[in-house]
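Scroll down for the structure; my scribbles are underneath it.
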Amino acid sequence: MQRLDQPHDDVRIHATPVVIEPGHTFGSVTDKIASIILRKRTPFGWWVGFALSFMIAGMLQGTIVWLVLQGIGIWGNNQPVGWGFDIINFVWWIGIGHAGTLISAILLLLRQSWRTSINRFAEAMTLFAVACAGLFPLLHTGRPWLAYWMLPYPNTMNMWPQFRSPLMWDVFAVSTYATVSALFWYTGLIPDLATLRDRARSKVGRIIYGMAALGWRGSARHWARYEATYLLLAGLSTPLVLSVHTIVSFDFAIGIIPGWHATIFPPYFVAGAIYAGFAMVLTLVIPLRKFYGLEDFITDRHLRNSAKVMLATGLIVAYGYMMETFMAWYSANTYEEFMMRNRFVGPYAFFYWALIVCNVIVPQLIWVRSVRHSNVWLFVIAMFVNVGMWLERFVIIPISLHRDFLPSSWGFYRPTLFDYSMFFGTIGFFFFLMFLFLRFLPVISIFEMRTLVPEAEIKKGEAKV
Amino acid sequence: MLKRKVLPPTYGLIAEFDNPTDVVRAAHRVYEEGYRRIDAYSPYPIEALSEAVGVHRTKMPLLVMMGGIIGGLAGYLLQYYTLVIDYPLNVGGKPFHSWPAFVPITFECIILGASLTAVFGMLALNNLPEPYHPVFNAPNFALASRDRFFLLVESADPKFDRDRTAEFLRSLGPREVTDVEH
């Protein structure tokens with residue numbers, strides 16, 4: 001009888017690029033990643049990037065000072081467009097953050113070992129993106145020093161927040177998300193901080209990393225609880241990340257404005273968030289691995305996989321756009337139909353078609369193998385998606401608001417200089433935090449990288465007595 | 001009579017290994033020999049090593065579930081008390097106890113309660129932060145966070161005998177066996 005070909009013997013299956021380049025040991029992995037932080041001289045490029053982002057963050061600070069002095073009238077928000085750049089940028093940043101949680105939690109549960117070298121970095125991205133996102137609704141309240149009124153506490157006004165409002169759900173969702181992301185990030189850092197404590201040469205370094213490491217000593221009893229906790233946190237973060245963007249989409253979907261009031265919003269927003277987040281991961285990782293020479297750890301496999309996730313979520317988002325258009329026609333609702341026609345040919349039509357180009361057409365290039373294997377192309381496509389996802393929120397928010405039911409209440413929205421300086425300011429702030437992170441904390445999870453090294457394999461027969 | 005607890009002269013004996021297979025095998029042997037107050041140190045989590053020193057399950061899942069339940073109950077009761085009892089507000093004729101609208105916040109509170117319990121519970125059970133621990137006195141212990149593996153037998157173990165235990169540990173093929181000062 002002829003032997004059937006074993007599908008697993010096929011060499012092509014094993015041709016996937018590796019997660020970590022061969023030849024690495026526990027020591028080399030540790031030294032390579034720790035040396036980025038512990039070396040004495042800070043690279044010149046770091047100073048340039050840090051100074052630039054610091055200046056742009058300064059612009060953000062200046063804008064905030066002026067905003068607090070003058071009130072939100074310095075923005076372009078008006079009646080009927082009460083939500084402008086502030087909410088666009090809020091949703092954009094929150095969405096970017098979601099890829100970090102996806103990489104660290106969902107891919108951990110799915111046992112995707114390639115996530116290991118990018119999860120720390122992606123989690124940091126989440127935290128910083130959430131910090132930028134949080135600024136916008138906080139300042140949009142107009143009197144940010146009274147923002148604590150949104151929290152339920154017994155007060156002399158004898159009032160409680162309205163918990164039936166999606167905006168209150170948002171307060172809880174975003175603050176929970178920020179807290180859990182920070183906990184997850186710090187938990188993952190503890191063993192690596194211990195490594196830095198043990199390897200730091202300066203006394204200050206030993207003291208600071210030592211305090212942050214909480215006296216971690218790598219005990220097997222501790223590791224057992226640690227691993228259980230890490231897995232549980234991943235299990236908790238997974239529904240959390242889905243719930244956060246679902247609730248963000250409720251901010252719109254619960255309202256009755258045509259273009260907002262759609263049941264497709266939660267899945268479409270979640271997919272869009274992951275799409276934007278992976279685009280940001282690629283935008284940051286491609287230059288980072290080149291600059292720090294981390295090609296051994298962040299291999300081509302990571303870039304290819306991220307590109308594929310981007311393509312898949314991009315298709316879900318494209319389906320969302322298609323469905324919105326279909327429902328506008330199928331519902332036979334005059335206002336829905338008008339909303340769609342206004343997007344296609346209205347005063348903001350340019351932005352709608354730019355969105356379709358950036359988010360639907362350009363990413364289709366990822367289907368082409370040679371594009372997928374070119375880092376320059378991936379970087380360019382990721383930039384398109386970053387812009388596209390921002391445009392998506394622009395299309396949803398001001399374009400839906402500026403012309404709703406009654407032509408007599410129509411208006412127009414034009415962002416002001418301060419809208420732009422605030423938006424670009426948060427980008428500067430994000431990179432400012434990123435540069436600090438690169439300099440002072442391990443950008444790749446060292447202890448998890450050790451588990452990928454060949455020496456980590458325990459020889460089954462020999463280990464048992 | 002006043003009973004004074006006398007500290008044994010050393011904290012214990014520690015054996016140093018340079019690969020995970022050896023330390024797991026040694027830990028199994030030490031456990032089978034009847035030592036119970038033992039611990040192992042590794043630069044990354046090794047499930048087999050935790051099993052070998054006698055940790056088969058942790059309390060974490062139970063704790064986290066309780067944290068989640070408490071968080072969820074607190075979240076729901078907060079909304080119920082404020083919007084039904086203390087400050088009922090008629091919005092569009094909707095019922096005061098409009099439970100579907102309470103679901104998102106309840107859910108977020110479950111996650112928050114469970115996550116806080118997970119992290120702080122793990123730290124508390126591990127007795128962290130603990131800046132000083134005798135094991136840090138062991139030679140080369142700084143390498144436990146890089147590429148070395150250690151196996152410790154505490155002198156508080158009833159079976160501990162400085163010489164016999166040291167000899168037994170040496171028979172397990174370590175690089176070195178040393179005393180750990182307090």
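All chains are named by letter (A, B, ...) in the order of the sequence lines, taking the proteins before the strands, and each is independently numbered beginning at 1. Bear in mind the structure is a predicted one, so any value in this text is a computation, not a measurement.
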Name the region of [X], side chain, backbone, both or neither, that has any atom closer than 4.5 Å to a heavy atom of chain A.
| X | answer |
| --- | --- |
| B:L116 | both |
| B:V23 | neither |
| B:Y81 | side chain |
| B:A118 | both |
| B:F136 | side chain |
| B:V64 | side chain |
| B:V55 | side chain |
| B:Y132 | neither |
| B:F149 | side chain |
| B:L172 | neither |
| B:S145 | both |

message = Give the interface residues of residues 150-164 of chain A toward chain B, defined by a heavy-atom separation under 4.5 Å.
response =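 Result: A:P152, A:N158, A:M159, A:W160, A:P161, A:Q162, A:F163, A:R164.
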ask   = For chain B, which residues from residues 443-451 of chain A lie under 4.5 Å away (heavy-atom distances)?
value = A:F447, A:R450, A:T451
Proximal component of [X], with respect to chain B [non-hydrogen, under 4.5 Å]:
| X | result |
| --- | --- |
| A:T187 | side chain |
| A:A456 | both |
| A:S219 | both |
| A:L232 | side chain |
| A:L231 | neither |

Between chain A and each of [options], count heavy-atom pairs under 4.5 Å; write down the option with the most.
| options | value |
| --- | --- |
| B:I111, B:N19, B:I46, B:T58 | B:I111 |
| B:A52, B:A144, B:P45 | B:P45 |
| B:H133, B:Q79, B:M60 | B:H133 |

Is the ring pair [X]/[Y] parallel, tilted or perpendicular, if the boundaries are 30 and 60 degrees?
| X | Y | answer |
| --- | --- | --- |
| A:F297 | A:H24 | tilted |
| A:F252 | A:F269 | tilted |
| B:F102 | B:H97 | tilted |

ask   = Looking at residues at least two apart in the chain, or sitting in another chain, which of them share a side-chain hydrogen bond (donor to acceptor under 3.5 Å, both in side chains) with A:H245?
value =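 side-chain hydrogen bond (donor to acceptor under 3.5 Å, both in side chains) list for A:H245, sorted by chain: A:H98.
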Short side-chain to backbone donor-acceptor contact, A:R199 and B:A142, under 3.5 Å =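 Judged by distance alone, no pair lies under 3.5 Å.
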ask   = Quick one: of A:P191, A:A228, A:P239, who has the most non-hydrogen atom pairs under 4.5 Å with chain B?
value =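 Of the options given, most contacts go to A:P239.
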request  = Return the option, out of A:L233, A:V29, A:T176, with the maximum number of heavy-atom pairs under 4.5 Å with chain B.
outcome  =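 Ranked by contacts with chain B, first place is A:T176.
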key: Check: A:Y226 ring centre within less than 6.0 Å of A:W223 ring centre   = yes
ask   = Are B:D147 and A:T30 close enough that some pair of their side-chain heavy atoms sits under 4.5 Å apart?
value =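 Contact flag for B:D147/A:T30 side chains = no.
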ask   = Does any non-hydrogen side-chain atom of A:V270 lie less than 4.5 Å from one of A:V244?
value =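 No, side chains not in contact.
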ask   = ring pair (Phe, Tyr, Trp, His ring centres under 6.0 Å) with A:F184: which residues, sequence neighbours excluded?
value =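 Listed in chain order: A:Y230.
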task = Would you please say whether a donor-acceptor pair under 3.5 Å links the side chains of A:D192 and A:Y209?
result =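 There is no such pair between these side chains.
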task = Establish, from distance only, whether the side-chain atoms of B:E16 and B:N140 form a donor-acceptor pair under 3.5 Å.
result = yes
